[in-house]
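Okay, so here's the structure we're looking at.
This one's a predicted model, so the numbers in the text were calculated from it and none came from an experiment. Naming: A, B, ... by sequence-line order, numbering from 1 per chain.
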There are 2 protein chains.
Amino acid sequence: MRPTVHDIAAEAGVSLATVDRVLNNRPGVRSVTRERVEQAIATLGYVRDVAAANLAKSRSYPLVFILPAGENSFMRGLEAEVRSAMSRSATERLDITILSVPAFDAPALAAALLDARERRPAGVAVVAVDAPDVTEAVKRLRDDGIAVVTLVSDLPGSGRDHFAGVDNVAAGRTAGSLMGRFLGGGEGPVAVLAGSMLVRDHRDRLEGFQAVMSGDFASRRILPVIEGQDDPSLVETLVDALLGQHPDLAGIYSLGAGNRGLVAALEKAGKGRAVCTIAHELTPHSRAGLLSGTIDALLNQNAGHEVRSAIRVLKAKADGLPVIAAQERIRIDIFLKDNLPLEQE
Amino acid sequence: MRPTVHDIAAEAGVSLATVDRVLNNRPGVRSVTRERVEQAIATLGYVRDVAAANLAKSRSYPLVFILPAGENSFMRGLEAEVRSAMSRSATERLDITILSVPAFDAPALAAALLDARERRPAGVAVVAVDAPDVTEAVKRLRDDGIAVVTLVSDLPGSGRDHFAGVDNVAAGRTAGSLMGRFLGGGEGPVAVLAGSMLVRDHRDRLEGFQAVMSGDFASRRILPVIEGQDDPSLVETLVDALLGQHPDLAGIYSLGAGNRGLVAALEKAGKGRAVCTIAHELTPHSRAGLLSGTIDALLNQNAGHEVRSAIRVLKAKADGLPVIAAQERIRIDIFLKDNLPLEQE
DNA sequence: GAATTTTTGACGTACGTAAATCAGAAATCT
DNA sequence: AGATTTCTGATTTACGTACGTCAAAAATTC
């Protein structure tokens, strides 16, 4: 049987109250006594029963998630994951509020952060837009002792506690490697399609992609970046024009959202197979594109993992516990049509 | 405040005991009363507090893991994951025993299964070898009401409750797609290196690989399968011979273990870059091969996910609860040198 | 050595559920 | 109607920890 506080009390020859004081770092224990108790904990190999502890504490963690509004399938999937976490709030003692703000809108995001602050939560998770007033708002939250985790897109220099998302430079590099190898030795330029250079994740992906292309596949010409605002219809218009201008286009790297428009434009022009297309995020549209052969490879960040990691980190920070960085690292998934997970996941 | 059993009792106008009988499917409740209680549960939105329930039950799950012995890095990593789960046994109420058997040895495995049976565990997880006496042993475990999960390599037809591993046919297909695309239009044959055709996972990978190669890249010649018994030194000898026999070799698909020998042979022959190499499982050796450029792509199954999934399923089966299949699906990771996770993970 | 402060012990209640016991009520059978 | 079986209620104890109160003991200061 595993040892309990009672066993420690017996082993150390002290009372339960003293054991409790030591375990929870409460004052009023002489250092010699404290050491005796710690010795007993060590020899018995006592591990606190978290379930019982939480039950006794009946602690709860009020958290706020700030997510961009709009049709972006990835973001809606992210929201679904947050709601799924809310449904588990019973067992995990969470009390989650979701705030919705327009995408790429720094003032609105800053306002939402201050709104979140008013609610005095234990922590806030936010999909960041890289702007000074957002950075400032995050700092004010931290000054109030509220833990802040950036989600999907980071905000370095804001003093956020943690970033729950993938290494986007590495993602861009991976896209570059795949593009270069898939294209082989042929001719024709490669286009890059982003959402907006206002968000850090898109800038990082671009940086990684360009680094690999100019390093390992230097002969390949890269066209200037196109910004589609993650809007399917705008993306479609832009890609229509692109295909018209560059009939010899060899590849497209879509590092943002709005892939529905991209797939539509390519298929309309009959170029689904001819152009090597690498995109981000597994959504119903990008899945269809991959299965039809229009998209050749998909890089993905698992929204569920990110949300769960953000919650774990916020809870840990709220309790003043350390975060195991390695455990919270989010992987970059690569999907081809052959290793696509089934729909219902 | 979230509702408790007391609230339900009050709402339904019954006693705590009756609520408990309904919640735990115990007999002794008239169907009309049962319905009243269920109605109250629904209207109040009651969710059982698992922490408190487990605390009260002080239930524990004795499980047995049967793993192959030997130097195979992936299997050692798998064992490390099981041990890490054991260290969490405190909080998850697990009581895990590990049995070790020689690799690819069906009689030894069957004996180990019967040994496990003697221990009367709630469940057994086993890395299966596909042989009649193993199938038979699994059936006997099931007849005794012991849940059985196959791990990494499946055993269809044995009546096992679940398979915790990747879709190895899809993994083979993915390897085929990557191989075909990376090679482009050049000449030269492709070799396939397996561990043993006695295990299902290797057979499945081969099937998937051959299907894609003969379908999408039909002009490419595939050499007969080489069996290296997952043994680095044997693999090295075999690959030495292979490279001698086929100076124009374009690619190698290594679908088993022993990649240390493969990398050594390729680098010795100065063919690290020239031969497109796709292998399985991220280990210290395969990681080094990927970083040096000798291995071009790595397919991986996350041992930690598999072990945790196996445990979840065994617990659920032991409690007679349903398993959410989608949640237990293990993904096939693709790693290039650009998206390799850091060492410490 | 008396007064003061600090440390420790003893004890109780709470968290939400499980599970057992015993007694009484209701339904079913003969 | 009486006997039997089946349901239901009331109550208690337990799981392992948190946390508070109060009093006693020990250490420290003067």
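Taking side-chain N and O atoms only, B:R21 has no distance below 4.0 Å to OP1 or OP2 of D:dG9. For A:S15 and C:dG9, the shortest distance from a side-chain N or O to OP1 or OP2 is below 4.0 Å. For A:R30 and D:dA27, the shortest distance from a side-chain N or O to OP1 or OP2 is below 4.0 Å.
Around atom CZ of A:R26, more than 12 heavy atoms belonging to other residues, nucleotides or ligands sit under 6.0 Å away.
Listed nucleotides D:dG9, C:dT17, D:dT17 differ in distance to B:D49; the shortest reach to its side chain belongs to C:dT17. The side chain of B:A52 sits closest to C:dG16 out of D:dT17, C:dA18, C:dG16. Counting only heavy atoms from C-beta on, A:L23 has its side chain closest to D:dA18 among C:dA18, D:dA18, D:dT8. Considering only side-chain atoms of B:V5, the nucleotide from D:dA18, C:dT17, D:dG9 that sits closest is C:dT17. The side chain of A:A56 sits closest to D:dT17 out of D:dT17, D:dT8, C:dT17. Side-chain atoms of B:A17 lie closest to D:dT11 of the nucleotides D:dT11, C:dA18, C:dG9.
Using a cutoff of 4.0 Å between basic side-chain nitrogens and carboxylate oxygens, A:R119 and A:D115 are scored as salt-bridged. Ion pairing between A:R140 and A:E136 fails under the 4.0 Å rule for side-chain N and carboxylate O.
The CD1-C1' distance, from B:I8 to C:dG16, rounds to 11 Å in whole Å. Atoms CZ (A:R36) and C1' (C:dT7) sit 12 Å apart, rounded to a whole Å. B:H6 places its NE2 atom 9 Å from the C1' atom of C:dT17, with the value rounded to the nearest Å. Atom CD of A:E35 is separated from atom P of C:dT7 by 14 Å (rounded to the nearest Å). Between the C1' atom of D:dC19 and the CG atom of A:N24 lies a distance of 9 Å, rounded to the nearest Å. Rounded to an integer number of Å, the gap from B:D20 CG to C:dA19 P is 7 Å.
Between A:R34 and A:L16, the one whose closest nucleotide on DNA chain C sits nearer the 5' end is A:R34. In this structure, A:R26 and B:G13 both approach DNA chain D, and ranking their closest nucleotides by distance from the 5' end singles out B:G13.
The nearest pair of heavy atoms linking A:T135 to A:G157 is CG2-O, 3.8 Å.
For the 3.5 Å distance criterion, the side chains of A:R48 and A:N24 qualify, holding a donor opposite an acceptor.
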